[in-house]
There are 4 protein chains.
Amino acid sequence: MAASLWLRGAASGLRYWSQRPRPAAASLAVVCSRSMASKTPVGFIGLGNMGNPMAKNLMKHGYPLIIYDVFPDACKEFQEAGEQVVSSPADVAEKADRIITMLPTSINAIEAYSGANGILKKVKKGSLLIDSSTIDPAVSKELAKEVEKMGAVFMDAPVSGGVGAARSGNLTFMVGGVEDEFAAAKELLGCMGSNVVYCGAVGTGQAAKICNNMLLAISMIGTAEAMNLGIRLGLDPKLLAKILNMSSGRCWSSDTYNPVPGVMDGVPSANNYQGGFGTTLMAKDLGLAQDSATSTKSPILLGSLAHQIYRVMCAKGYAKKDFSCGVR
Amino acid sequence: MAASLWLRGAASGLRYWSQRPRPAAASLAVVCSRSMASKTPVGFIGLGNMGNPMAKNLMKHGYPLIIYDVFPDACKEFQEAGEQVVSSPADVAEKADRIITMLPTSINAIEAYSGANGILKKVKKGSLLIDSSTIDPAVSKELAKEVEKMGAVFMDAPVSGGVGAARSGNLTFMVGGVEDEFAAAKELLGCMGSNVVYCGAVGTGQAAKICNNMLLAISMIGTAEAMNLGIRLGLDPKLLAKILNMSSGRCWSSDTYNPVPGVMDGVPSANNYQGGFGTTLMAKDLGLAQDSATSTKSPILLGSLAHQIYRVMCAKGYAKKDFSCGVR
Amino acid sequence: MAASLWLRGAASGLRYWSQRPRPAAASLAVVCSRSMASKTPVGFIGLGNMGNPMAKNLMKHGYPLIIYDVFPDACKEFQEAGEQVVSSPADVAEKADRIITMLPTSINAIEAYSGANGILKKVKKGSLLIDSSTIDPAVSKELAKEVEKMGAVFMDAPVSGGVGAARSGNLTFMVGGVEDEFAAAKELLGCMGSNVVYCGAVGTGQAAKICNNMLLAISMIGTAEAMNLGIRLGLDPKLLAKILNMSSGRCWSSDTYNPVPGVMDGVPSANNYQGGFGTTLMAKDLGLAQDSATSTKSPILLGSLAHQIYRVMCAKGYAKKDFSCGVR
Amino acid sequence: MAASLWLRGAASGLRYWSQRPRPAAASLAVVCSRSMASKTPVGFIGLGNMGNPMAKNLMKHGYPLIIYDVFPDACKEFQEAGEQVVSSPADVAEKADRIITMLPTSINAIEAYSGANGILKKVKKGSLLIDSSTIDPAVSKELAKEVEKMGAVFMDAPVSGGVGAARSGNLTFMVGGVEDEFAAAKELLGCMGSNVVYCGAVGTGQAAKICNNMLLAISMIGTAEAMNLGIRLGLDPKLLAKILNMSSGRCWSSDTYNPVPGVMDGVPSANNYQGGFGTTLMAKDLGLAQDSATSTKSPILLGSLAHQIYRVMCAKGYAKKDFSCGVR
């Protein structure tokens, strides 16, 4: 992960963020100039499966939107609804001083912020930039420094909950950044989620998300293994689930999202593992956990094996199935 | 585990249980002769850490006891309390037609039932023999066959819950055996536990216990890894636990028995991992899960790694610490 | 594994071998009566893929055979060649005082020795019984005790090398048993193998075989992972194999049986993983390693994971492919 | 690892190397100007445990050196021997057109090349820069691009073999870079190693090193597990090693560097695991393998577990022991 520390200034060659003095005070001074009282336009970059319903919830709460997506088709719906569509992240930054980004990978986030037509090209001082993508916490920290240098504020705010929760406005946001700005972030995030949790400094939102999903992956595979073993030993699946759920094996994967078909209704296992949270997305999150563990030298024996299991599952053709398709 | 299938009759050489016709009807016919209405003496074999408080709860409910333990000291307390102490499992079987066994390993259980002075030497027709030890389900099935041959009834009824639950009578019993006998078993087990769950045929009580504890081990180690990684990424442990517990990473190990010191009160992690459920006991249960998985050819990738992790922990000197001392 | 310790005498109930005095001297006294100078008939039980060519090599060395297999068709070829076919292991034991058994599982070996028509029913005092099956070392020890009780001698002598080595008489035998009998065993085994290695007491032949195959499985999967990673990082497979083989990553799986198609000729990876040593057989051997590790409380982190990986491969349809089809 | 793709030009914002056209032809044109015929000074940066004896071997072959190390003490010995010590990597580049770098981590390599006083500040066109550090192949590729932009040539050439091999000039170099430059690199590397292997494009030297060491780690742990299990099953360690080494379990870790004390002389296991290749260095290399596997989405189940095992060993106090101290 050493390479994640790269940051090259024009005059100074490559440097590492940890060696650069952090202009922490800057963000406080500039906040005042940002419009919060009235519902001024909010920028939204990334209108995919998750971003689309999230943006709509902002609309429902009366916020005019400035929209951008690399795929123009993704913007149509919003244009027809009267929202303003622009042609680059830079243009979003020109017209909005609060921007939410919802992108699939670290690379996309870097491009949206620091690319040739990125937000940073035209960001206004005092702007609030909230990244709801799930990315490497080290990248979040890098972006935050770039943003701070421009006199603006960056917060990472990845979400928990899938498309359904995005539609119903019931996402959980895990927010990292300067605590003084949390209220401002919550004003917007609260329109899209029922839980908005402050986690600490920049990057801790990502950290919380990553840790949760690593534990989720472990307990999901563990549930699948325990259920499968029990069935082979002669237990009825529903009865076994009931016993686990009243005992110390109880977990979200056993009591809310059981991976064995026939045990619960309304979950992906009841529908041939369609919908839900794709195996490939879980593999991505576990890759982030793995990178974070390697760079912090944290042993994650089960987390690492869970990561590799999801890698194999993707390679074997289960990439688009729900992650509960587990070890069968 | 092939060797677990050994059973040698005098005339017929070695045979395997699966090939022997099962005299299922026998148990029904003989039940009538057993005394249930009045509180006739109940045999109790194995008065260790768990057996001691369990037997006392039977006493509290008015059952006279016939006591045996390989360590005479373990019986003293009961003798002083007026209970009858005898000198072998066979003698217990001679004086009681309902017997509970609570022993540490498969070998001890085999000895108690089939040894030179075992229960089977003097068991009465129609007796109800309940084994609350946690042992290999394949052994439970073997014992059940031996017992059935004598015209008696065998049920496996391992417990969940530690010494505290044994004292307060709040154990959970997972019961396998002929369903018609479940009510008779529940009469006794209900004096010692708040949950008595019927799981299916003989051996399924053990299966349920083993599957639960395997999932418990996996989610405990997973919780430890996720908490540890989060802390190294800058998260406050209490906050991280709170976030996990409202998200999909939630599990008994995170919300009821958190392994990180300082997160919760009244759990072993708050007391230098003293008390609770010892690492060596968890390693034993995972060994049973491993054996069962190998004999049924069930893949248990995380379960198997969890097993090995607990083996290493025992070898490294954590054998007597609570199993939540996890990977630190 | 406790159950592997079962042994029930007609009068005495269940006992464990470790508690029974071992009649070690008996074997010495009786050896003299066994015919070694001339080529008296040798019994052979189990004429499968391996047993068939092994028996033929004994024939080539001039030994008359007494043949038995549960599948009569397997005996035809030998009958036509003039060898004597009998109808049970007991009958083999009646006519031959040296017997070799080559069977697929522990259960089959137990049946052949201790079954209703097993060897032990008619074994002569002083007979030499050599089991070349790969089975649980604990079962070998049990069989040895049964055999000793009859005044005969038991040795475990599992083989390394596949069908090709069996045909060419180039197997390796790993032999466990009383050292004084090793020369007698070597006389026969030397007709079928180029290496006959004395390993120690009964069961150590199996132990050596199991440990070797566990290490083989680990290094095979490791080789597949390293080769695959290197290829994805841009290395030519042949060059990478060459580099590994001159460096510290060198192993039999990389230099003699490389799992990547195109790297070597004449190995299963060059032939769509056909032939060779089946995945299901490797899973079986790893199951034995797992059982042995659990019963001796030995941590085997990689061995255990390798075991589970082969279990998954069997479940996913690779059971009959060569074990080098590894993680692809 | 997305963040490893960062590279920010002054005017263009962040970009990724894969999107930049590669000036491949540049390197060819400039080679001519470099001095090869006579023994002109060679730059050497990084005079640690490995760099020190490597540099001395260059001296023995008659090459004058230009020396730099961040720790001035490391240079003393060379200054006293008459070599020229300078005060920054940039100064080395000013005085030598062939430079070897031998540094502990990716970060150190980045600093040496691209830092404020790095090589790139004063590198001459046509210079040959050989990095013998073991670092992330993705970083090697980044450095190569930076170097190419300056009209110079970069090759990665990590070594296999420890301090002993460095002293005796018997290292193995795995070299990645433009093939036309390999002869020039070999002229220097051949003074320090007995094997100089061309691996392919820039980064493949690192890839080969990483893959070898991952397989080494796996087979070392596997050997330790197999030896340990065998010993517990009653085998003599020396005999078991002999059997493995003539069978399919054979590997460098079993036949050249056996981890069990008493099996071999002259290896770290014979000396309380002192000397050799430290556990912490193996953990570092496995971290690089893990990063590479995650970024290329390659499943490495055993490699990943081996990584975590070495992480745990470092955390448990074995960081400075030889990596063969394995699982005991």
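Each chain gets a letter, A, B and so on, in the order its sequence line appears, and its residues count up from 1.
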**Working for side-chain contact (heavy atoms from CB on, under 4.5 Å), residues C:Leu233 and D:Thr296** = CA-CA 8 Å; C:Leu233 290 171; D:Thr296 58; 3.8 Å; yes

**Complete:** residues 160-177 of chain D vs salt bridge (Lys or Arg N to Asp or Glu O under 4.0 Å), sequence neighbours excluded, gives none

**Request:** Considering non-hydrogen atoms only, spot the tightest contact between C:Pro299 and D:Arg232 and give its length.
**Result:**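 Heavy-atom minimum between the residues: CD-NH2, 4.2 Å.
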
**Fill in**
For C:Ser298 and D:Leu229, the nearest pair of non-hydrogen atoms, with its separation, is OG-CD1, 3.8 Å

**Prompt:** With chain D, which of C:Leu215, C:Thr223, C:Leu305, C:Leu244 has the greatest number of heavy-atom pairs at distances under 4.5 Å?
**Reply:**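 With the most close heavy-atom pairs to chain D, the winner is C:Leu215.
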
**Request:** With a 4.5 Å cut-off on heavy-atom pairs, point out which of C:Ala207, C:Pro137, C:Ser253 contacts chain D the most.
**Result:**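 Among C:Ala207, C:Pro137, C:Ser253, the one with the most close pairs to chain D is C:Ala207.
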
**Prompt:** Does any non-hydrogen side-chain atom of D:Ile309 lie less than 4.5 Å from one of C:Leu302?
**Reply:**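 Sidechains of D:Ile309 and C:Leu302: in contact.
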
**Asked** Is the shortest heavy-atom distance from the side chain of C:Ile218 to the side chain of D:Ser219 under 4.5 Å?
**Response** no

How many angstroms lie between atom [atom1] of [X] and atom [atom2] of [Y], to the nearest 0.5 angstrom?
X	Y	atom1	atom2	answer
D:Cys211	C:Leu240	SG	CG	5.5 Å
D:Ser247	C:Leu216	OG	CG	9.5 Å
D:Glu225	C:Leu301	CD	CG	5.5 Å

**Prompt:** Would C:Asn212 and D:Arg250 satisfy side-chain contact (heavy atoms from CB on, under 4.5 Å), going step by step from the backbone distance to the final call?
**Reply:** CA-CA 8 Å; C:Asn212 181 74; D:Arg250 165 180 61 77; over 6 Å; no

**Prompt:** Pairs in or reaching into residues 245-271 of chain C: which pass ring-ring contact (aromatic ring centres under 6.0 Å, His included), with residues at least two apart or in two chains?
**Reply:**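 Residue pairs passing ring-ring contact (aromatic ring centres under 6.0 Å, His included), neighbours aside: C:Trp252-C:Tyr257, C:Tyr257-C:Phe323.
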
**Prompt:** What part of D:Met246 lies closer than 4.5 angstrom to a heavy atom of chain C: side chain, backbone, both or neither?
**Reply:** side chain

